[in-house]
Amino acid sequence: MSRRHWIDDWRPEDATFWEETGAKTARRNLIWSIFAEHLGFSVWLIWSVSSAFLVAQGFDFTPGQLFFLIAIPNLVGSLLRVPYTLAVPKFGGRNWTMMSAALLLVPTLGFAYAVTQPSTPYWAFCVIAATAGLGGGNFASSMANINFFYPTAKKGTALGLNAAGGNLGVALIQFLLPIIVGGAGIFGLIKASAGGIHLERAAFVYAALAVIAIVAAFFFMDNITSAKSPAREQLSVVRSRQTWIMSFLYIGTFGSFIGYSAAMPLLIKLNFWVPEPEPLGTGIYFAYFAFLGALIGSATRPLGGWLADRWGGAKVTLGAFFGLVVFTLAVLWTLTQLTPNPQASPAIAAENQAWFPAFLGFFMLVFASTGIGNGSTYKMIPAIFRREAELATTPATPERDAALAAATKKSSAAVGIIGAVGALGGFLIPIAFNSPWVSNPLDATKSAFIAFTVFYAVCALVTFAVYLRPQRARVGELAEVRI
């Protein structure tokens, strides 16, 4: 095996090494990691907005089938995050970035074929949608890789930027797909294509970008020798109580972000209906607004990391959950003003659309809270394992150095476990919006938001009790280091 792209000497905690060598190398790897992860997220969520176009293209799917279709990639993507995390130490961050980018050709080319065949059965769509979960696994391997490159003091910002760049893929696919496929113009300023909808175009664009990611990783990324560790050693983090506490909290932050991002196009389409395909320049057309939530959630993620670097991850995470409780209740209030089945009457549709600005505004604040919480929780993970290593060893000893190195490996492995569990929210949220026990989509949506509000309140209590309450000695010590 060629050693050209393997780094044998990597000491990010050494200030001199970092200034002279480390920072530049880490920045280069971060840039291309963001690019590859961005594509992974885009492919992962390609069904979130395209599913809303399938009926217009002639596929006879019910709302329940469409919600399930956008949920499947999230389930598969969450399950793949553990093996993707383990792949980084085994194969190297650069090598796995190339391989994971190549795997994106499977869901993109499969998507392109299915949407051009009117006879494609629903079960085939489900199988192809499941392969889009390959893009969801990219997040875990990318975050685990970048965690090795940066010193503890800069991990919050670096991981926040890496995650935000990936999360931005959700917003970009939701913004660009309607334009690429010809299903919508840009906010009504540019007309939709007169040639109809061509969903396969988006798949071909992202397949080409995946090839670019493979080439870029080959030339510009590196593997770190010291990042290697046996899978059994990495999986030891499953025995840590902290891994599961943070997994629970991450369901509330990232699970909400990815779940709401996937469901938002259909939520708008079902509850704020306008005739299709014309007039596209009037009314509440989902393609004009579906991307905004993911954009805001992505943009606020590095802010959450920066705030956590400055004020402590637990404090910022608690604030994020407080925001989620308040703003979810506000979204629920707007939904209580709506009438079910707006497609039944233009008058009902017009009444519902009058509440859309309030719904959208409060929902954007929900997304902002998820983004801040995503950034702050990922600051907490390496800080927790580092602090546990410090508590168990004596300063300025070989044991301390070894424990800190092991803590970095553990935190990178924990990223995969936590990311996998957290991403399950992306599967559960779309399913909750289509409860079989509720008579219509609007009532199902309201019931789901009530359940989400209760869950966020529990997450806030857990954050305070475990990481901020000073009465318990060990928890108090963790809180003192501004986790």
Practice item. Keeping the roles fixed (side chain from Arg386, backbone from Leu404), state whether a donor-acceptor pair exists under 3.5 Å. Key: no
Point to revise | Over all atoms of both residues, closest heavy-atom pair of Arg11 and Asp9 | key: NE-OD1, 2.9 Å
Exercise for review: Can you measure from CD1 (Ile180) to CZ (Phe204) and round to the nearest 0.5 angstrom?
Suggested key: 12.5 Å
Exercise for review: Apply the test side-chain contact (heavy atoms from CB on, under 4.5 Å) to residues Phe35 and Ile212: give CA-CA distance (whole Å), side-chain angles for both, the deciding distance (0.1 Å), then the verdict.
Suggested key: CA-CA 10 Å; Phe35 179 69; Ile212 293 174; 4.0 Å; yes
Exercise for review: Without swapping roles, check the side chain of Thr393 against the backbone of Glu399 for a donor-acceptor pair under 3.5 Å.
Suggested key: no
Exercise for review: Please check if the side chain of Thr25 supplies one atom and the backbone of Gly22 the other of a donor-acceptor pair under 3.5 Å.
Suggested key: no
Point to revise | Donor-acceptor pair, side chain of Ser142 and main chain of Phe139, under 3.5 angstrom | key: no
Point to revise | N/O donor-acceptor pair under 3.5 Å between Ser78 side chain and Ala423 backbone | key: no
Review point. Are any of the side-chain heavy atoms of Phe148 and Pro12 separated by less than 4.5 Å?
Key: no
Review point. Going by heavy atoms in the side chains, are Leu103 and Tyr84 under 4.5 Å from each other?
Key: yes
Check your understanding: So do the side chains of Phe111 and Leu199 get within less than 4.5 Å of each other, counting heavy atoms only?
Key -> yes
Practice item. Could you please spell out the steps behind the side-chain contact (heavy atoms from CB on, under 4.5 Å) verdict for Trp96 and Leu86? Key: CA-CA 10 Å; Trp96 185 251; Leu86 300 178; over 6 Å; no
Point to revise | Interatomic distance, Ile384 atom CD1 to Ile245 atom CD1 [nearest 0.5 angstrom] | key: 8.0 Å
Point to revise | Over all atoms of both residues, closest heavy-atom pair of Ala262 and Asn74 | key: CB-ND2, 3.7 Å
Check your understanding: CD1 of Ile214 to CG of Leu104: how many Å apart, nearest 0.5 Å?
Key -> 8.0 Å
**Study point:** Aromatic contact, Phe219 with Trp32 (centres under 6.0 Å)
**Key:** no
Check your understanding: Is there a donor-acceptor pair under 3.5 Å between the side chain of Thr328 and the backbone N or O of Val325?
Key -> no
Check your understanding: Under 3.5 Å, side chain of Asn95 to main-chain N/O of Asn223, donor-acceptor pair present?
Key -> no
Point to revise | Reported CD1-to-NZ distance for the pair Ile417 and Lys410, which is rounded to 0.5 angstrom | key: 13.5 Å
Point to revise | Flag side-chain contact, heavy atom, 4.5 Å: Phe367 against Met264 | key: yes
Check your understanding: Between the side chain of Asn162 and the main-chain N/O of Ala158, is any donor-acceptor distance below 3.5 Å?
Key -> no
**Study point:** Heavy-atom check, side chain of Leu249 versus side chain of Tyr467, under 4.5 Å
**Key:** yes
Check your understanding: For the side chain of Arg94 and the backbone of Phe218, is there at least one donor-acceptor N/O pair under 3.5 Å apart?
Key -> yes
Point to revise | Heavy-atom check, side chain of Cys126 versus side chain of Leu69, under 4.5 Å | key: yes
**Study point:** Flag, side chain of Arg301 to backbone of Ala163, donor-acceptor distance under 3.5 Å
**Key:** no
Point to revise | Proximity of Phe248 and Phe455 rings by center, below 6.0 Å | key: yes
Practice item. Could you check if a side-chain atom of Phe321 sits within less than 4.5 angstrom of a side-chain atom of Thr253, using non-hydrogen atoms only? Key: yes
**Study point:** Aromatic centroids of Trp18 and Phe149 separated by under 6.0 Å
**Key:** no
Review point. Is the shortest heavy-atom distance from the side chain of Trp44 to the side chain of Ile173 under 4.5 Å?
Key: no
Point to revise | is_close_aromatic(Phe449, Phe433), centroid dist under 6.0 Å | key: yes
